[in-house]
Amino acid sequence: MSLTANSGPFGKKPAGQFNFEVETPTGAVLYWDPVPQRIRGTFAGQTVVDTMDARLLHESTLLPVYYFPERDVRMDLLARSETTSHCPHKGDAVYWSLEVGRRKAPDAAWAYPTPIEHAPFLGGHLAFYWSALDQWFAEDEPLYGHPRDPYVRIDVYRMSRRVRALLDGEVLADSVRVKALYETSLRTRYYFPPEDVRLDLLEPSTTVTRCAYKGTASHFHALGHEDIAWIYANPQHDGEPIRDYIAFYDERLEIETS
């Protein structure tokens, strides 16, 4: 998420600037990055891919994607489909469906057998749609949501400045004990201790989201507006400092800092 997405150096709206013009031969940045961890993916109880030679493809405006050498993929579980697609930055892609017993994931994997001139490294590698497989692992640790980007950093800082969250003129939270979470290439998020939040105005939502770094978040509605706040009650280690704190979408309400 940091190199090529959001406000990263090769994203749509870089936060910083280089001392040179960034020019790309295809109109997009592709960065082919070695992955030091063993990466595995499973489907219907079978290990579909298991490799020490995964690569992470960073591409302008997109989340990074794992690519795997064909030799480390269970090609016997894949059936070539009739689906094809064209990418101006990578070439023409072919697809495979994944079949194990009675379970099938259509067009679960793709590859560029003859990539364009500026992306020769793609040859001999396959990628999978993340949601097509049941589980992903880096070494023996489960992965969620998407590959973890080695260029993403999360920092949480305690604040003594006053921060308020307002919705339709109503104060939902008011605190001088907020924790500010800074995640590479993303906007700052302010997490409030629950004691400083109008919990009586929040209504639990059925929405659940998964962050590859922080874990699973539960959401809240308020004052007739859907999903305006969230909480990590059982975070992964990157989210531990904001455990049980509540954050608000400043895209959907007003955040005041002083």
Side-chain angles (χ1 to χ4, degrees), residues 1-18 22 58 60-64 144-258:
M1 289 176 20
S2 60
L3 287 179
T4 55
N6 301 305
S7 61
F10 300 106
K12 278 187 175 180
K13 298 180 179 179
Q17 62 186 87
F18 293 105
V22 177
H58 303 261
S60 294
T61 74
L62 301 177
L63 290 172
Y144 301 100
H146 57 78
R148 291 174 65 92
D149 189 332
Y151 303 102
V152 164
R153 179 187 177 102
I154 292 176
D155 291 298
V156 178
Y157 295 99
R158 293 187 300 274
M159 293 176 56
S160 58
R161 289 188 289 137
R162 186 183 185 190
V163 184
R164 299 201 306 163
L166 301 95
L167 181 62
D168 296 339
E170 186 82 47
V171 177
L172 298 185
D174 188 339
S175 181
V176 292
R177 301 182 298 162
V178 163
K179 293 182 179 180
L181 186 143
Y182 300 88
E183 184 171 349
T184 307
S185 301
L186 298 179
R187 66 178 72 199
T188 304
R189 297 298 192 184
Y190 300 99
Y191 284 79
F192 294 79
E195 298 83 4
D196 296 341
V197 176
R198 286 286 306 277
L199 298 178
D200 58 307
L201 298 180
L202 300 187
E203 175 188 350
S205 164
T206 59
T207 299
V208 175
T209 57
R210 182 89 206 192
C211 172
Y213 311 99
K214 300 186 292 294
T216 299
S218 301
H219 287 67
F220 301 95
H221 307 316
L223 303 179
H225 297 265
E226 295 187 352
D227 297 330
I228 55 88
W230 71 92
I231 186 172
Y232 289 98
N234 187 28
Q236 294 172 213
H237 58 86
D238 284 345
E240 189 59 43
I242 45 90
R243 176 187 289 272
D244 292 330
Y245 275 52
I246 296 172
F248 295 87
Y249 288 101
D250 60 358
E251 308 95 316
R252 303 172 190 178
L253 48 67
E254 183 181 358
I255 297 290
E256 291 183 348
T257 61
S258 58

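Just so you know, these numbers use all the heavy atoms, side chains as well, and skip hydrogens, waters and symmetry mates. Given the structure is predicted, the values throughout are model-derived calculations rather than measurements.
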CG on Asp168 to CG on Leu253, rounded to 0.5 Å: 9.0 Å

If you compare all heavy atoms of Pro9 against all heavy atoms of Pro14, which two are closest, and at what distance to 0.1 Å? O-CG, 3.8 Å

OG (Ser218) and CG (Asn234) are apart, to the nearest 0.5 Å, by 10.0 Å

How far does CG of Asp155 sit from CG of Leu181, to the nearest 0.5 angstrom? 8.0 Å

Is it the case that the side chain of His219 and the backbone of Asp227 share a donor-acceptor pair, with hydrogens and angles ignored and the cut-off at 3.5 Å? no

Indicate the atoms forming the closest heavy-atom contact of Thr188 with Asp250, along with that distance. O-OD2, 4.5 Å

Should Asp149 and Pro64 count as side-chain neighbours, where that means a heavy-atom distance under 4.5 Å? yes

Carboxylate-amine/guanidinium proximity below 4.0 Å for Glu183 and Lys214: yes

Keeping the roles fixed (side chain from Arg177, backbone from Met159), state whether a donor-acceptor pair exists under 3.5 Å. no

Looking at every non-hydrogen atom in both residues, tell me the closest pair between Ile242 and Tyr232 and how far apart they are. CD1-CD1, 3.5 Å

Run the salt-bridge test on Glu170 and Arg164 with the 4.0 Å N-O cut-off and return the result as yes or no. no

Minimum side-chain heavy-atom gap Arg153-Tyr213 below 4.5 Å: no

Does Glu195 have more than 12 heavy atoms from other residues, nucleotides or ligands lying within 6.0 Å of its CD? yes

If you apply the rule side-chain contact (heavy atoms from CB on, under 4.5 Å), what do you find for Leu172 with Ile228, and how did you get there? CA-CA 10 Å; Leu172 298 185; Ile228 55 88; 3.9 Å; yes

Would Thr216 and Arg210 count as a side-chain hydrogen bond (donor to acceptor under 3.5 Å, both in side chains) if you check the C-alpha gap in whole Å, the side-chain angles of each, and the deciding distance to 0.1 Å? CA-CA 4 Å; Thr216 299; Arg210 182 89 206 192; 2.7 Å; yes

To the nearest 0.5 Å, what is the distance between CD (Glu256) and CD (Glu254)? 4.5 Å

Between Arg252 and Glu226, what is the shortest heavy-atom contact and its length? NH1-O, 4.0 Å

For Phe192 and Val163: C-alpha separation, side-chain torsions, deciding distance, then whether side-chain contact (heavy atoms from CB on, under 4.5 Å) applies. CA-CA 9 Å; Phe192 294 79; Val163 184; 3.6 Å; yes

Between Arg243 and Ala233 (side chain of the first, backbone of the second, donor and acceptor by atom type, cut-off under 3.5 Å), is there such a pair? yes

If I take atom OH from residue Tyr190 and atom CD1 from residue Ile255, how far apart are they, to the nearest 0.5 angstrom? 8.0 Å

Side chain to side chain, Asp238 and Arg148, heavy atoms closer than 4.5 Å: yes

For the CZ atom of Phe220 and the OG atom of Ser205, what is their distance to the nearest 0.5 Å? 9.0 Å

Worked verdict on Tyr249 versus His225 for side-chain hydrogen bond (donor to acceptor under 3.5 Å, both in side chains): CA-CA 11 Å; Tyr249 288 101; His225 297 265; over 6 Å; no

Kindly indicate, with the supporting measurements, whether the criterion salt bridge (charged side-chain N to carboxylate O under 4.0 Å, His left out) is fulfilled by Asp196 and Arg162. CA-CA 11 Å; Asp196 296 341; Arg162 186 183 185 190; over 6 Å; no

Are any of the side-chain heavy atoms of Thr4 and Leu63 separated by less than 4.5 Å? no

Would Lys179 pass as a cation-pi partner of Tyr245, given that its NZ or CZ must be under 6.0 Å from the six-membered ring centre and within 45 degrees of the axis? yes

Might you work through the ring pair (Phe, Tyr, Trp, His ring centres under 6.0 Å) test for Tyr157 and Tyr182, ending with a clear yes or no? CA-CA 8 Å; Tyr157 295 99; Tyr182 300 88; 5.7 Å; yes

Where do Leu202 and Phe248 come nearest, in terms of heavy atoms and distance? CD2-CE2, 4.4 Å

Please confirm whether the backbone N or O of Ser185 pairs with a side-chain atom of Ser7, one donor and one acceptor, at under 3.5 Å? yes

Minimal heavy-atom distance between Leu223 and Leu167, with the atoms involved, is CD1-O, 3.6 Å

